[in-house]
J.: 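This is the structure I have questions about; it appears just below.
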Amino acid sequence: MGYSMPTSGIMMFYSCASTMPHSTIFVAVAIPTPLRNLFHYSLPANEQVAIGSRVRVPFGSRKLIGVVTEVNSRPDIDIAKVRPVIEVLGAGGNLTEPILRLCRWASDYYHHPIGEVLASALPTLLRKGADPQEPSQLLTLTPAGSLIDQQSLGRAHAQRKLLGALQQSRRTREELSAMDISSQTIRSIEKKDWAQWHGEVPAPLEPFSSGTVNHSGITVTEEQATAIAAVQNRTDGKPFLLCGVTGSGKTEVYLRVIEPLLKAGKQVLILVPEIGLTPQTISRFQDRFDVPITILHSSLTDKQRALGWLQAREGSAGIILGTRSAIYTPLKFPGAIIVDEEHDASYKQQDGFRYSARDLAVLRAGFEGLPVILGSATPSLESLHNADSGKYHLLELATRPPGIEPERYEFLDTRHLEQKDGLTRALRHRIGERLANKEQVLIFINRRGFAPVMICNDCSWIAHCSRCDAKLTYHLNTNTLVCHHCGTISHNITRCQSCRSSQLSPLGLGTQRIEQTLTAMFPEFPVLRIDRDSTRRKGSMESFISEINNGESAILVGTQLLAKGHHFPNVTLVAMLDIDAGFYSADFRATERLGQIILQVGGRSGRADKPGTVTIQTAFATHPLMETLVQDGYFEFATGLLQERKEAGLPPFTFHAIIKAEANSSTTARSFLESIIAKVQVRNTVNLLGPIPALMEKKAGRYRQLLIVTSAN
Ligand SMILES: [Zn+2]
Ligand SMILES: [Zn+2]
């Protein structure tokens, strides 16, 4: 063997040599199970296997796909009991060394089993053991089949449809099933010898090359030029925090920074928020560069996703644009990583394997020696703190290009103004003015449904979810009460469940209620409601956007879905309703998020000749932080918040970790955490706080208790 072993190990090895072929090696494999250890398997020494190879292995009575993390490992169990690898899978699906390193770090830092971390870094198909480079089967017409006249098939509609599709081109099984063609129809055509399956080896993926760059006369401002030069001439490995007010041209900086990289054959990974991956964003890159762009988002089929992953890994895609999980995409010729809207909450995976894609981007760039740019108009306090303390380089774009006026902000103090259906008279008046002026109005309310509460007028009973500590939201169009936390839907609630009264009424505001109110108030104008309920259907968001960009006067009512990735030049008034929870939430990040959303939503409006106005209805109109935000801007606002965090000993000045216990009863969850406190020894710089109930203790029938671990260093 190629390594030395302690004496006992050698003895053990030879003692079982009779049952084990002499040329056997062992590999350590990470398997997607909640267990935290690696598992050892044996393999003939002449088998092609590498660190990062996918292998099919026996695990108990199951067969699972794992990833090899060590070749020539030393089993920690009796060698006679080590089971053999069933199959080493195609090398095209191997995880690369930088991704393995990133995953190992993430497994360690986020305390998640390595097998599950590695599995989540692989596209689903590869995780299931498919070979990304294996021939795909295409249904192809035979000479006889291509002579069939479709009309002659009469009423055999399904067969006609299939023949028609095949006469256009050969099709994979996935494509046919997407066209609603059944396997029965396929078999009937095969039986008649009209079509056959043919294997086709995919063309090998070649490294991309960059074509012409289309600047179309765009010049950069002095600030942009400074930022671009700073990244291109970087002298250390520190990340760049690019802060640019809306409209200041962050994207142009990205485009200029990556241009020479693409020309040199280097790939660029660009992360965008979950709902920021819009056609508008994609076309900015497509219009500028003549390189293959791979787009990775959640509505791709497994096959498309595996192909995108492979294009990145083989270096045939120049730009890889994707949401959170794209951070695990391997790059053959890595050039740079960009995280756009770095403050966005969707970069944090909040369940299962929890991680921050933004933080992993910084780490990965460090591992691979790449420049990384975190961009935002409203950067997170963590990133600003890193810039303050010299860990990041701060690049500022403080001025807008000439001709672009900033939006104006005004407050309507709801403590002193009468409201009708959630709208003050002053706001109703302003909306009417803009519509009469053939302009568009955007009403922002971050709550979908009709009303957040259903209350009994006789006894004040409120409809609650039976599985969560949450009130049910009333949805008018379906006449249902819906829990927005666990998805439970109750139909036909017509009576109070406490006093049986039928006098139930919805209380509070949701998008549907505002839609109804505005439709009644301004009957001659269209009201478009844009929230998760109205955009479920594929393509519905795009049709909303194109209707809005027609420019006809209209009222848009929407949640934060509207706040990202879209610009609405014809919107000249943005009204924000019911934002006050941001001031009294128990979550210490609520005020930061409120400031971000006010500026992000406000920034959607206006254009050069018609600057936008942002009207905020709030009971906190005189709150000093609000005044700072709209008068002095986000930086001053964030500085104030950072000062508050520092005084309160909160992140980013201290470090927090949460141990969450979930059980069928509150007591079980609690006593589990208490047993942890009793057992662990912590350093005197570490504080344990809890157990305390989670903000919503009961969710989907489970009780959640927290132990908060804080440390000053
Ligand atoms: Zn009642
Ligand atoms: Zn619920």
Side-chain angles (χ1 to χ4, degrees), residues 52 90-99 102 121-123 125-126 130-136 200-216 218 228 231-232 251-272 277-297 300-323 325-340 357 361 364-365 367-373 375:
N94 286 10
L95 275 178
T96 60
E97 176 49 35
I99 300 300
L102 185 70
L122 282 167
L125 269 189
L126 302 190
D131 185 340
Q133 284 160 325
E134 88 189 354
S136 49
E200 189 182 71
V201 181
L205 295 170
E206 302 287 344
F208 81 94
S209 63
S210 170
T212 47
V213 179
N214 173 26
H215 292 120
S216 54
I218 297 169
I228 295 159
V231 181
Q232 288 178 341
T251 310
E252 187 60 32
V253 173
Y254 302 154
L255 293 167
R256 299 280 175 159
V257 164
I258 68 181
E259 183 180 324
L261 295 171
L262 293 173
K263 281 183 179 157
K266 296 280 179 67
Q267 298 168 284
V268 181
L269 174 63
I270 302 167
L271 299 186
V272 293
L277 196 50
T278 61
Q280 282 165 317
T281 312
I282 296 165
S283 66
R284 283 295 295 274
F285 292 92
Q286 279 170 340
D287 294 348
R288 179 68 58 94
F289 300 114
D290 181 18
V291 298
I293 300 181
T294 285
I295 293 159
L296 299 171
H297 56 81
L300 293 179
T301 65
D302 288 349
K303 189 127 192 171
Q304 288 168 325
R305 200 167 179 97
L307 181 65
W309 184 88
L310 200 66
Q311 287 163 342
R313 186 187 183 280
E314 298 303 313
S316 75
I319 296 174
I320 294 89
L321 200 57
T323 49
S325 64
I327 188 57
Y328 302 108
T329 312
L331 301 177
K332 187 163 191 179
F333 310 113
I337 303 179
I338 293 170
V339 183
D340 192 29
R364 178 173 174 186
F367 287 166
E368 299 193 53
L370 306 176
V372 56
I373 305 176

J.: Show the nearest heavy-atom pair for residues Tyr254 and Ile373, with the distance to one decimal.
T.: CE2-CG2, 4.1 Å
J.: Once side-chain hydrogen bond (donor to acceptor under 3.5 Å, both in side chains) is applied, do any residues pair with Ser325, and if so which ones, sequence neighbours excluded?
T.: Arg305
J.: How close do Ala326 and Leu271 get, heavy atom to heavy atom, and via which atoms?
T.: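 So the minimum-distance heavy-atom pair works out to CB-CD2, 3.8 Å.
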J.: Pick one: which of Ile295, Ile282, Ile293 meets side-chain contact (heavy atoms from CB on, under 4.5 Å) with Ile319?
T.: Ile293
J.: If you measure from CD1 on Ile320 to CD1 on Ile327, what distance do you get to the nearest 0.5 Å?
T.: 11.5 Å
J.: Taking side-chain contact (heavy atoms from CB on, under 4.5 Å) as the test, write out the residues that go with Ser283, two or more places apart.
T.: Gln286, Asp287
J.: Suppose we screen for side-chain hydrogen bond (donor to acceptor under 3.5 Å, both in side chains). Which residues come up paired with Tyr328, at least two apart in sequence or across chains?
T.: none
J.: Output a table of donor-acceptor pairs, distance under 3.5 Å, between side-chain atoms of residues 255-268 and any protein atom two or more places apart or on a different chain; print 'none' if there are none.
T.:
from, atom 1, to, atom 2, distance (Å)
Arg256, NE, Glu252, OE2, 2.7
Arg256, NH2, Ile218, O, 2.8
Arg256, NH2, Glu252, OE2, 3.2
Glu259, OE1, His215, NE2, 2.7
Glu259, OE2, Lys263, NZ, 3.1
Gln267, OE1, Lys332, N, 2.9
Gln267, OE1, Phe333, N, 2.7
Gln267, NE2, Ala312, O, 3.0
Gln267, NE2, Ala317, O, 2.9

J.: Mind checking the CD-CG spacing from Glu368 to Leu102? Nearest 0.5 Å is all I need.
T.: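 Glu368 CD to Leu102 CG: 8.0 Å, rounded to 0.5 Å.
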J.: Ignoring hydrogens, what is the shortest heavy-atom contact between Ser316 and Leu205? Give both atom names and the distance.
T.: OG-CD2, 3.8 Å
J.: Measure across Val339 and Ala361 and return the closest heavy-atom pair with its distance rounded to 0.1 Å.
T.: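 Heavy atoms only, the tightest pair is CG2-CB, 3.6 Å.
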J.: Looking at Pro123 and Trp309, what are the two nearest heavy atoms and their distance?
T.: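 It is CG-CG, 3.3 Å.
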J.: Do the side chain of Arg313 and the main chain of Thr96 share a donor and acceptor less than 3.5 angstrom apart?
T.: no
J.: Got a sec, which residues hit side-chain contact (heavy atoms from CB on, under 4.5 Å) with Asp302, two or more places apart in sequence or on another chain?
T.: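 Here the qualifying residues are Thr124, Leu125, Lys128.
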J.: Where is the tightest heavy-atom contact between Phe208 and Pro292, given as atom of each residue plus distance?
T.: CB-CD, 3.8 Å
J.: Go through the structure and list residues passing side-chain contact (heavy atoms from CB on, under 4.5 Å) with Ala365, not counting sequence neighbours.
T.: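 Partners of Ala365 by the side-chain contact (heavy atoms from CB on, under 4.5 Å) criterion, ordered by chain and then number, come out as Ile337, Leu370, Val372.
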J.: Sequence neighbours left out, what passes side-chain hydrogen bond (donor to acceptor under 3.5 Å, both in side chains) with Thr294? Give chain and number order.
T.: Gln311
J.: Rounded at 0.5 Å granularity, tell me how far CG in Leu331 sits from CG in Leu269.
T.: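 These two atoms lie 5.5 Å from each other.
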J.: Once side-chain hydrogen bond (donor to acceptor under 3.5 Å, both in side chains) is applied, do any residues pair with Thr251, and if so which ones, sequence neighbours excluded?
T.: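 With sequence neighbours excluded, Thr251 shows a side-chain hydrogen bond (donor to acceptor under 3.5 Å, both in side chains) to no residue whatsoever.
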J.: State which residues pass side-chain contact (heavy atoms from CB on, under 4.5 Å) with Thr301; sequence neighbours excluded, sorted by chain then number.
T.: Lys303, Gln304
J.: Could you state the interatomic distance from CZ (Phe289) to CG (Asn214), rounded to the nearest 0.5 Å?
T.: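 One gets 10.0 Å once the value is rounded to the nearest 0.5 Å.
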